[in-house]
Structures are given as C-alpha cells and as structure tokens.
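Read the structure below first, then the notes.
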Amino acid sequence: MTPLTTSVALPQRRVRRGLVALTAGAMLLTGGAVTQLTTTPAAASAKASAKASAKASATAAARVDNPYAGAKVYVNPLWSAKAAAEPGGSRISNQPTAVWLDRIATIKGVAGGMGLEDHLTRAVSQGAQTIQLVIYNLPGRDCSALASNGELGQTDLPRYKTEYIDPIAAILAKPAYANLRIVNIVEIDSLPNLVTNVSPRPTAVPNCDTMKANGNYVKGVGYALAKLGAIPNAYNYVDAGHHGWIGWDDNFNASAKQIAEAAKAEGSTLANVHGFIANTANYGATTEPFFKIGDTANDGPIREKAKWIDWNRYVDEQSFAQAFRTEVQKEGFSPDVGMLIDTSRNGWGGAARPTAAGPKTTSDTYVNGGRTDRRIHLGNWCNQKGAGLGARPQAAPAPGIDAYVWVKPPGESDGASKVIENDEGKGFDRMCDPTYTGNPLNGNNMSGALPDAPLSGHWFPAQFQELLRNAYPAL
C-alpha cells in the first residue's frame, strides 16, 4: 500500500460486529457481584471541563456526563447462561454485555426468547443503572460484507423507521425505564463504508456505491439519532470504525465529516450524539505496549517502513479513539463527547503474546516481534484464531474514554465458515473461511478464521474457549 491511497483498502469488517475513573466507592455491576473500581484522577478529570450549553437544557439535564461512571451495568441473562454452561465460563459469565437488536423480530423476542422490554425490565430488577443496546438494522446493512447483511433491502428506509426505530423508541420512552441510563450503540459497519468502500476508491464495493447514492445510511442514522436522542435518559454512541480501518489520513477526517452529516440528517442535531465507539466486535489491541507510532528502527520510521502499520497514524485502538474524539469536536460535536472501546476480544494473551519489543534490525522485525495483535493482517475480522478476552468492562480507564465495554458478547460468531441456509438475511463471506487466501482488503493473506463457525451471532463454543485461553489480563 502507498500512503493516502491504497491504505484505505482496509474496511476491517466485524460481523457482530471504558470507563474514565470512577470516584472512590463507585461500583460497576459484574453480573450477580458488584466490583469496586479504583480511581484514576487524570482520567476522571479529562472530560470535567467545558460543559456544553446543550447539557444545560431541560432534556439534557437528565443525562450524566458518563453513563458508566458509578453505574451497575446490565448482565444479559441469555448470554450469561450460555457462558456459564461452558467449561471455565463461570469466570466471566457475570460480566455485562450488550443486547443486540439486529432485526425487527428481536424487539419482541425471537422464538419465545427475551425481547427489548424483557431486557429492560430485567435490568431494573437487577438494580442496574445502565443497559447497553446495539441498534443494527439499517437498509442494505454492512454493504462491504456478506456475513453481516441484514433483513432490510437497500430501499427499505420506511420499514426501518416505522417497524424498527419507532417501536424501539416507544419502548425506551416508557416511564418504567426512566431511571435507566440507556446506551445505544448506533449502526456499526455503516457510515465509514461510505468513505472507504465507494467509487472512485480502488476498494469500492457496488453495494456501498448504492447506499452512498440513495442516502439511506445517512438518513437512517439521522432518524435513529433524532428519535432515540429525544429520550432524556438515552445516550447515543455512533460507530467510529477502528484504527485498522479509519486510521489512515484519507479516511480519518472524511469519516468524522460523514458522521457529522448523518447526525444532522432527518431532523437530528449533533447534540443527539453523546459519544462514539471504536473497535466494535473487532480485534484491535487496546494499547500496544512495546512500540509507538513515532518509533524508528534501523531502516527508518516504522510508520513508513513497517508493513503492519503501512502509513497508518495509529497502532492501537486507544490512541485512535482519543484522536478521533478530538477530530469530531472540530466538526462541531460537543467537547464533552466520550469514547467507548470494545475490548471483548482484543486481549491477545497466551503463549504467543510478546513480552518485549522486537529487534530494531528492520521496522518489520521491530513491529512484528513486539506487537500483541497477532492477526495475520489488520484486515482480518472474522473469528480470529489466537484472539483472547480483553480488558474487563471498566469505567473511565483513560482520558476521554468513557468505558471499556464488551459490546460483542464473547462466544458469538462473526460469521459462518461455510454456506448455511438461514432466514436472517446473513450471507457467506469468504473471510470467515479458514482456507481463504484473501483479497486486496487483507493484503491477499489467509483469513486467520477459526473453522466450523456458525452464522454470525450464533453461539460458537470453540471460539469461546479460544477467548478464555488467550485472555489478557489472564483469568
């Protein structure tokens, strides 16, 4: 790849795809147990300044700056039961994970399962203050992938509004849930595709060109933000991709501008966005401890020379998230916006985890010897071999970061490793096939995917065990 051009060919897809320090004595729910978190003064003060005037309004006054601070976070009993039933799973089954609303039927519940109201009611009975929902059903969803395609066609914006967003908003607005902090993760795998995977980019995908032309991603996100943002106790976090997708110069500002356009569409305003999320259902390391983007090896700057970095501005999710937070503020978003990082599967522990920097003989030996992210290529996104659980959900771990969260429930597949007929609109993506030798989006490398995977969102015991084995910090 060359700088500012082909480096954009990394629309790292993830098919299901932190917390600033709490004050002393604050608690975070971890299932049936409540864990006391430590205080990080620097992180706690990062967003304390410059409260936007919008937050002084009657509607915004009901909101807090960080919906995770001091909060007990809902534990999804459906995921918790699956995790607990696995060997060793009880060690994490009490962690809070997000509830995915990835088709219309999930609002009422699929096959007799829990619907949205059931989850909200259970959150209240758990004594939780915060619940996390994934809003994920745009028309023509995830235009650059197949495994995460959805039920709505490219022109089904009216159905998205009336059959999906409107019923969700009506339920969230019920007085019974007024004391919950409802975190909405809004439409992953959407807006950044309109930057990286459209013509005249060499990575253009026809479906993404269509969604760019018809405007239904922008209109859909704008409508969702407007409807959900009108609920006083709702907190909308918009997907910001991840560093291995948006971290290059020609993707970074363009993505911030694209999100701002959507946030002002369909009657919405920038004030309806409380923050952004990075690495949703992805595998990028939160931090790389053994090298920084400004390092130099014997052959020169690693940003220019190392194939793994390939002119990217960032080497991990936290540095990317903090920089993206600054970038969106330039586009008019509030100085109080916070970032979330999905750490559910980015731990990269186990025997393969480096313990020191690589030799500086070349930039490649330095970076490859020391990087904790052991993927074959940054463009690999499906059921990655060697991945592990990352940092446990935690409030305010670093400046500008509202929380580390587990939005992707560990153990749920990214996509099927072969064709599986289904009524969920999910296709077969070769990036989930462990025998696939790749394409330009992953540098024509092997996919790195685990074998025998089920449909996206379905339970994948082998992956769950892989995540337990390679957890970092270790369990």
Side-chain angles (χ1 to χ4, degrees), residues 10-17 79 82-83 86 97-103 134 136-137 141-150 185 187-190 192-193 239 241-242 244-245 277-285 317 341-348 373-390 405-420 422 424-436 438-439 441-442 445-470:
L10 291 173
Q12 154 94 355
R13 312 310 321 130
R14 58 270 173 230
V15 189
R16 289 284 142 266
R17 272 316 183 225
W79 174 82
K82 291 177 183 177
E86 295 287 342
T97 56
V99 174
W100 286 68
L101 302 172
D102 62 354
R103 47 188 165 135
V134 179
Y136 186 49
N137 200 31
R141 188 177 74 192
D142 203 353
C143 58
S144 71
L146 294 173
S148 50
N149 290 163
I185 308 300
E187 295 298 353
I188 63 174
D189 301 331
S190 60
N193 271 316
D239 180 47
H242 55 87
W245 182 11
I277 183 167
N279 203 48
T280 309
N282 209 346
Y283 297 88
E317 295 305 319
I341 300 175
D342 188 351
T343 61
S344 58
R345 304 183 304 172
N346 71 348
W348 296 103
D373 184 341
R374 307 310 293 174
R375 283 178 291 175
I376 298 170
H377 191 275
L378 276 172
N380 288 349
W381 55 264
C382 193
N383 301 322
Q384 290 298 285
K385 183 178 181 180
L389 300 168
V405 292
W406 283 9
V407 169
K408 173 71 174 183
E412 292 188 2
S413 173
D414 289 320
S417 52
K418 60 183 179 182
V419 176
I420 298 177
N422 66 91
E424 301 174 35
K426 296 170 182 175
F428 168 56
D429 197 306
R430 289 296 307 279
M431 287 298 292
C432 299
D433 176 358
T435 69
Y436 185 47
N439 56 55
L441 303 185
N442 78 332
N445 285 286
M446 297 296 290
S447 70
L450 292 169
D452 303 318
L455 291 171
S456 62
H458 290 225
W459 191 250
F460 189 10
Q463 187 203 50
F464 186 81
Q465 292 300 322
E466 185 98 342
L467 295 173
L468 293 181
R469 281 193 300 270
N470 297 317

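Computed from a prediction, not measured in an experiment: that's the story for all the values here.
Side-chain contact between Trp245 and Leu441: absent, with no pair of heavy atoms (C-beta onward) separated by less than 4.5 Å. Residues Met446 and Lys385 form no side-chain contact, since every pair of their non-hydrogen atoms from C-beta on lies 4.5 Å or further apart. A heavy-atom distance below 4.5 Å is found between the side chains of Arg345 and Asp414.
Without hydrogens or angle criteria, Gln384 side chain to Cys382 main chain gives a donor-acceptor distance under 3.5 Å. Under a 3.5 Å cut-off, the side chain of Trp100 and the backbone N or O of Val407 do form a donor-acceptor pair. Ser417 places a side-chain N or O within 3.5 Å of a backbone atom of Asp452 that can act as its donor or acceptor partner. In terms of modelled atom types and a separation under 3.5 Å, the side chain of Ser413 and the main chain of Phe460 share no donor-acceptor contact. Using modelled atom types, one side-chain atom of Glu187 and one backbone atom of Asn137 make a donor-acceptor pair closer than 3.5 Å. Between the side chain of Trp79 and the backbone N or O of Pro410, at least one donor-acceptor pair lies under 3.5 Å. Side-chain atoms of Thr343 do not come within 3.5 Å of backbone N or O of Gly390 as any donor-acceptor pair. Under the 3.5 Å distance criterion, the side-chain polar atoms of Asp433 are left unmatched by any main-chain donor or acceptor of Lys418. Although no hydrogens or angles enter the test, the distance criterion places a donor-acceptor pair under 3.5 Å between the side chain of Asn383 and the main chain of Gly415. At distances below 3.5 Å, at least one donor-acceptor pair connects side-chain atoms of Asn279 with backbone N or O atoms of Asp342.
Put simply, CD on Glu412 and NZ on Lys82 are 6.0 Å apart, with the number rounded to the nearest 0.5 Å. If you take NZ on Lys408 and OH on Tyr283, they are separated by 7.0 Å, rounding to the nearest 0.5 Å. Annotation: the span from Leu467 atom CG to Glu86 atom CD amounts to 11.0 Å, rounded to 0.5 Å. Here the CG-OG distance, from Asp429 to Ser447, works out to 9.5 Å after rounding to the nearest 0.5 Å. Taken to the nearest 0.5 Å, the CG atom of Leu468 stands 10.5 Å off from the CD atom of Gln463. For the atom pair CZ (Arg430) and OG1 (Thr435), the distance works out to 5.0 Å, reported to the nearest 0.5 Å.
Remark: the Tyr436 side chain and the Asn442 side chain contain no N/O donor-acceptor pair separated by less than 3.5 Å. Side-chain contact, Asp189 with Tyr136: a donor N or O sits under 3.5 Å from an acceptor N or O.
Listed here is the closest heavy atom pair of Pro192 and Gly241: CG-N, 4.3 Å. The two residues Ala449 and Met431 have their closest heavy-atom pair at CB-O, 3.8 Å. When all heavy atoms are compared, the tightest approach of Trp348 to Ala387 is CZ3-N, 3.5 Å. Looking at every heavy atom in both residues, Lys426 comes nearest to Leu455 through CB-CD2, 4.4 Å. Taking all atoms of both residues into account, the shortest heavy-atom contact from Asn149 to Asp142 is ND2-O, 3.3 Å.
Using a cutoff of 4.0 Å between basic side-chain nitrogens and carboxylate oxygens, Asp102 and Arg141 are not scored as salt-bridged.
The side-chain hydrogen bond (donor to acceptor under 3.5 Å, both in side chains) test with His242 is passed by exactly one of Asn282, Asn346, Thr280: Asn282.
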